[in-house]
Colleague: 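The structure under discussion is supplied below as structure tokens; questions concerning it will follow.
Only heavy atoms go into these numbers, but all of them, side chains included; no hydrogens, no water, no symmetry mates.
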Amino acid sequence: MKTLRSFIPDTLLIALAVGAFFLFPYDLAFLTRIVIMMVFVLSIDLILGLGGIVTLGQAAMYGTGAYTAGLFAVHVSNDPLLGLVAGMAAGAVIALLSGLLLMRAGGLTLIMLSIAVAQVLAEIANRARNWTGGADGMRGIRMGPILGQWRFDFIGQTGYIYCVVVLFVVLFALKGLKASPLGLMARGIHESPARMRAIGAPVYQRRLILYTIGGAIAGIAGALAAQITQLVSLEVFSFTLSAEAVIMLILGGAGRLYGAILGVLIFMVVHHLAASVDPINWLFLIGLMVLLVVFFLPKGLLSLPPALQRLIGGAR
């Protein structure tokens with residue numbers, strides 16, 4: 001029964017992805033942005049939700065993956081899968097190098113240092129104009145067909161399917177990691193680092209591994225964004241990107257994977273609709289929604305069904 005219940009969210013997510021493809025054929029560009037952001041927020045859920053590593057600089061790995069995939073397509077190969085691997089590797093390397101310092105810090109110090117890493121990388125990209133285009137952005141990215149068969153089309157059908165497949169690969173990989181010894185140890189470190197140290201667990205090393213894996217996934221998201229839009233700008237390193245991603249995670253529910261997906265979907269759809277109605281004051285609605293969730297559903301919107309079930313049961 002438990003195994004069957006675990007397949008229900010996956011089935012619903014597949015049905016949602018397929019249904020969106022056919023119901024909104026002219027909004028695939030927007031839907032693809034949602035899917036890419038889901039991959040990015042999953043990387044933060046791994047770090048923050050599972051490992052308890054509070055960071056506002058995940059855009060550092062996202063941006064590195066985006067620029068790496070763009071440069072790889074322009075100067076090495078326009079094969080999308082190779083570019084994806086390059087972006088993933090670049091995100092992992094940046095996470096590993098910065099994590100050697102960051103994982104020794106905590107609290108406000110960790111948050112500020114993570115933001116600083118993203119800003120330093122943004123300045124490096126800005127100064128390397130001959131490679132990155134600086135403030136004007138990197139252009140001229142042209143992607144080849146996926147596996148030599150499926151070309152990126154103007155409507156965005158291939159790009160959407162490509163990103164959805166990558167999303168499911170990342171999701172299932174994270175589900176496996178969460179159930180692995182590393183994932184179980186990460187939960188223990190999240191709950192009580194001091195207790196885990198007392199029983200001899202290598203807390204620093206495990207946090208570094210977790211941060212590196214999260215950086216690799218963020219690099220995948222950045223590479224997808226570069227390949228789909230065929231443009232990379234300095235905004236990929238922005239603090240706003242990291243902050244909004246954390247808000248999406250809190251909105252859906254941290255530490256449960258599907259909370260990240262739900263949070264991204266609701267945030268971006270509400271954002272899109274509210275901004276189209278009122279381009280100036282749309283942020284008020286987003287802020288109100290987040291406040292209501294934090295006060296009444298501190299575990300995120302994913303906890304709404306069991307909360308309603310308990311409420312109905314109590315009323316009886």
Colleague: Examine Leu71 and Val74 and state if one hydrophobic cluster contains both, with Ile, Leu, Val, Met, Phe, Trp and Tyr joined whenever side-chain heavy atoms are less than 4.5 Å apart.
Modeller: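 Yes: a chain of side-chain contacts under 4.5 Å links Leu71 to Val74.
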
Colleague: Not counting sequence neighbours, which residues clear ring pair (Phe, Tyr, Trp, His ring centres under 6.0 Å) with Trp150? List them please.
Modeller: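 Here no residue qualifies.
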
Colleague: When you look at CZ of Phe172, are more than 12 heavy atoms from neighbouring residues, nucleotides or ligands closer to it than 6.0 Å?
Modeller: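 Counting neighbours around CZ of Phe172, more than 12 heavy atoms of other residues, nucleotides or ligands fall under 6.0 Å, so yes.
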
Colleague: Please tell me whether Phe296 and Leu262 are part of a single hydrophobic cluster in this structure, the criterion being side-chain heavy atoms less than 4.5 Å apart.
Modeller: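 The answer is no; the residues belong to distinct hydrophobic clusters.
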
Colleague: Going by heavy atoms in the side chains, are Tyr62 and Val39 under 4.5 Å from each other?
Modeller: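 They are not in side-chain contact.
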
Colleague: Answer yes if Leu184 and Ile189 sit in the same cluster of Ile, Leu, Val, Met, Phe, Trp and Tyr residues linked by side chain heavy atoms under 4.5 Å apart, and no otherwise.
Modeller: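 Leu184 and Ile189: separate clusters.
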
Colleague: Heavy atoms only: give me the nearest Tyr160-Ala17 pair and the separation to one decimal.
Modeller: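 Taking every non-hydrogen atom into account, OH-O, 2.7 Å.
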
Colleague: Passes side-chain contact (heavy atoms from CB on, under 4.5 Å), Trp131 versus Met138? Steps please.
Modeller: CA-CA 8 Å; Trp131 288 85; Met138 181 191 300; over 6 Å; no

Colleague: Pair Ile250, Val293 - check side-chain contact (heavy atoms from CB on, under 4.5 Å), show working.
Modeller: CA-CA 8 Å; Ile250 294 172; Val293 169; 5.6 Å; no

Colleague: What closest approach, in Å, do Ile36 and Ala221 show between heavy atoms, and which atom pair accounts for it?
Modeller: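 Looking at all heavy atoms of both residues, the closest pair is CG2-O, 3.4 Å.
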
Colleague: Checking the side chain of Ser180 only, and the main-chain atoms of Leu177 only, is there a donor and an acceptor separated by less than 3.5 Å?
Modeller: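 Side chain of Ser180 to backbone of Leu177: a pair is present.
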
Colleague: Name the atoms and distances for all side-chain donor-acceptor pairs under 3.5 Å in residues 227-237, with sequence neighbours left out.
Modeller:
{"unit_1": "Gln227", "atom_1": "OE1", "unit_2": "Tyr162", "atom_2": "OH", "d": "2.8"}
{"unit_1": "Gln227", "atom_1": "NE2", "unit_2": "Pro80", "atom_2": "O", "d": "2.8"}
{"unit_1": "Thr229", "atom_1": "OG1", "unit_2": "Ala225", "atom_2": "O", "d": "2.6"}
{"unit_1": "Thr229", "atom_1": "OG1", "unit_2": "Leu231", "atom_2": "N", "d": "3.4"}
{"unit_1": "Thr229", "atom_1": "OG1", "unit_2": "Leu231", "atom_2": "O", "d": "3.0"}
{"unit_1": "Gln230", "atom_1": "OE1", "unit_2": "Arg142", "atom_2": "NH1", "d": "3.4"}
{"unit_1": "Ser233", "atom_1": "OG", "unit_2": "Glu235", "atom_2": "N", "d": "3.4"}

Colleague: Quick check: do Arg127 and Glu123 have side-chain heavy atoms less than 4.5 Å from each other?
Modeller: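 Side chain of Arg127 against side chain of Glu123, heavy atoms only: contact under 4.5 Å found.
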
Colleague: Is the backbone of Leu56 close enough, under 3.5 Å, to the side chain of Ser114 for a donor and an acceptor to pair up by distance?
Modeller: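 Such a contact is found between Ser114 side chain and Leu56 backbone.
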
Colleague: With salt bridge (Lys or Arg N to Asp or Glu O under 4.0 Å) as the test, would you mind laying out the steps for Arg256 and Asp45 before giving the verdict?
Modeller: CA-CA 8 Å; Arg256 300 170 66 182; Asp45 194 26; over 6 Å; no

Colleague: I would like to know whether Leu292 and Leu288 meet side-chain contact (heavy atoms from CB on, under 4.5 Å); could you show each step before the answer?
Modeller: CA-CA 6 Å; Leu292 290 174; Leu288 178 62; 4.2 Å; yes

Colleague: Donor-acceptor pair, distance only, cut-off 3.5 Å: does the side chain of Tyr204 make one with the backbone of Leu100?
Modeller: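 At least one qualifying donor-acceptor pair exists.
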
Colleague: May I ask you to test the Ile14-Phe168 pair for a side-chain heavy-atom distance under 4.5 Å?
Modeller: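 Side chain of Ile14 against side chain of Phe168, heavy atoms only: contact under 4.5 Å found.
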
Colleague: Assigning hydrophobic clusters by single linkage (Ile, Leu, Val, Met, Phe, Trp, Tyr; side-chain heavy-atom cutoff under 4.5 Å), is Leu297 placed with Leu285?
Modeller: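 Leu297 and Leu285: one cluster.
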
Colleague: Do Glu191 and Met196 come close enough that some side-chain heavy atom pair is under 4.5 Å?
Modeller: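 Not in contact.
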
Colleague: Find the distance between CZ (Arg104) and CG (Leu208) and round it off to the nearest 0.5 Å.
Modeller: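 If I round to the nearest 0.5 Å, the distance is 9.0 Å.
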
Colleague: Nearest 0.5 angstrom please: Ile266 CD1 to Met289 CE, how far?
Modeller: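 Output value for this atom pair is 7.0 Å.
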
Colleague: Could you give the distance from CE (Met112) to OG1 (Thr55), rounded to the nearest 0.5 Å?
Modeller: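 Here the rounded value is 11.5 Å.
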
Colleague: Could you tell me which non-hydrogen atom of Ser238 sits nearest to which non-hydrogen atom of Ala59, and how far apart they are?
Modeller: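 Taking Ser238 first and Ala59 second, the nearest heavy atoms are O-CB, 3.6 Å.
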
Colleague: Would you say Leu273 and Val277 make side-chain contact, with heavy atoms under 4.5 Å?
Modeller: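 No, their side chains stay 4.5 Å or more apart.
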
Colleague: The test is side-chain contact (heavy atoms from CB on, under 4.5 Å); show your working for Leu48 and Ile53 and say whether it passes.
Modeller: CA-CA 5 Å; Leu48 175 59; Ile53 303 169; over 6 Å; no

Colleague: About how many Å separate CG of Leu46 and CG of Leu249, when rounded to the nearest 0.5 Å?
Modeller: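 If I round to the nearest 0.5 Å, the distance is 11.0 Å.
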
Colleague: Checking Asp27 side chain against Phe30 main chain: does a donor-acceptor pair fall under 3.5 Å?
Modeller: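 Not a single qualifying donor-acceptor pair exists.
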
Colleague: Restricting to non-hydrogen atoms, name the atom on Ala218 and the atom on Met61 that form the minimum distance, rounded to 0.1 Å.
Modeller: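 Smallest interatomic distance, heavy atoms only, reads CB-CB, 3.8 Å.
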
Colleague: Looking only at heavy atoms, which two atoms of Ala254 and Gly49 are closest? And how far apart?
Modeller: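 Shortest heavy-atom separation between Ala254 and Gly49 comes out as CB-CA, 4.1 Å.
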
Colleague: Val164 and Val170: same hydrophobic cluster, using ILVMFWY side-chain contacts below 4.5 Å?
Modeller: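 Both belong to a single hydrophobic cluster.
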
Colleague: For a 4.5 angstrom cut-off between non-hydrogen side-chain atoms, does Leu241 reach Met37?
Modeller: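 Contact flag for Leu241/Met37 side chains = yes.
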
Colleague: For Ala60, does its backbone N or O pair with a side-chain atom of Thr64 as donor and acceptor, under 3.5 Å?
Modeller: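 Yes; judged by distance alone, with no hydrogens or angles, the pair exists.
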
Colleague: In the structure I gave you, are the side-chain heavy atoms of Phe152 and Ile146 within less than 4.5 Å of one another anywhere?
Modeller: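 When only atoms from C-beta onward are counted, Ile146 and Phe152 do touch, with a gap below 4.5 Å.
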
Colleague: Partners of Thr32 by side chain to side chain donor-acceptor pair (under 3.5 Å), sequence neighbours excluded?
Modeller: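 Expected list: none.
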
Colleague: Look at the side chain of His271 and the backbone N and O of Ile286, then say whether any donor-acceptor pair between them is shorter than 3.5 Å.
Modeller: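 Judged by distance alone, no pair lies under 3.5 Å.
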
Colleague: Rounded at 0.5 Å granularity, tell me how far CG in Leu265 sits from CG in Leu13.
Modeller: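 One gets 9.5 Å once the value is rounded to the nearest 0.5 Å.
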
Colleague: To the nearest 0.5 angstrom, please state how far the CD1 atom of Ile217 sits from the CD1 atom of Ile47.
Modeller: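 With rounding to 0.5 Å, CD1 (Ile217) is 8.0 Å from CD1 (Ile47).
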
Colleague: Compare every heavy atom of Leu224 with every heavy atom of Cys163, then report the nearest pair and how far apart it is.
Modeller: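 Minimum heavy-atom separation between Cys163 and Leu224: SG-CD2, 4.1 Å.
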
Colleague: Do Leu50 and Lys178 come close enough that some side-chain heavy atom pair is under 4.5 Å?
Modeller: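 Yes, at least one pair of side-chain atoms sits under 4.5 Å.
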
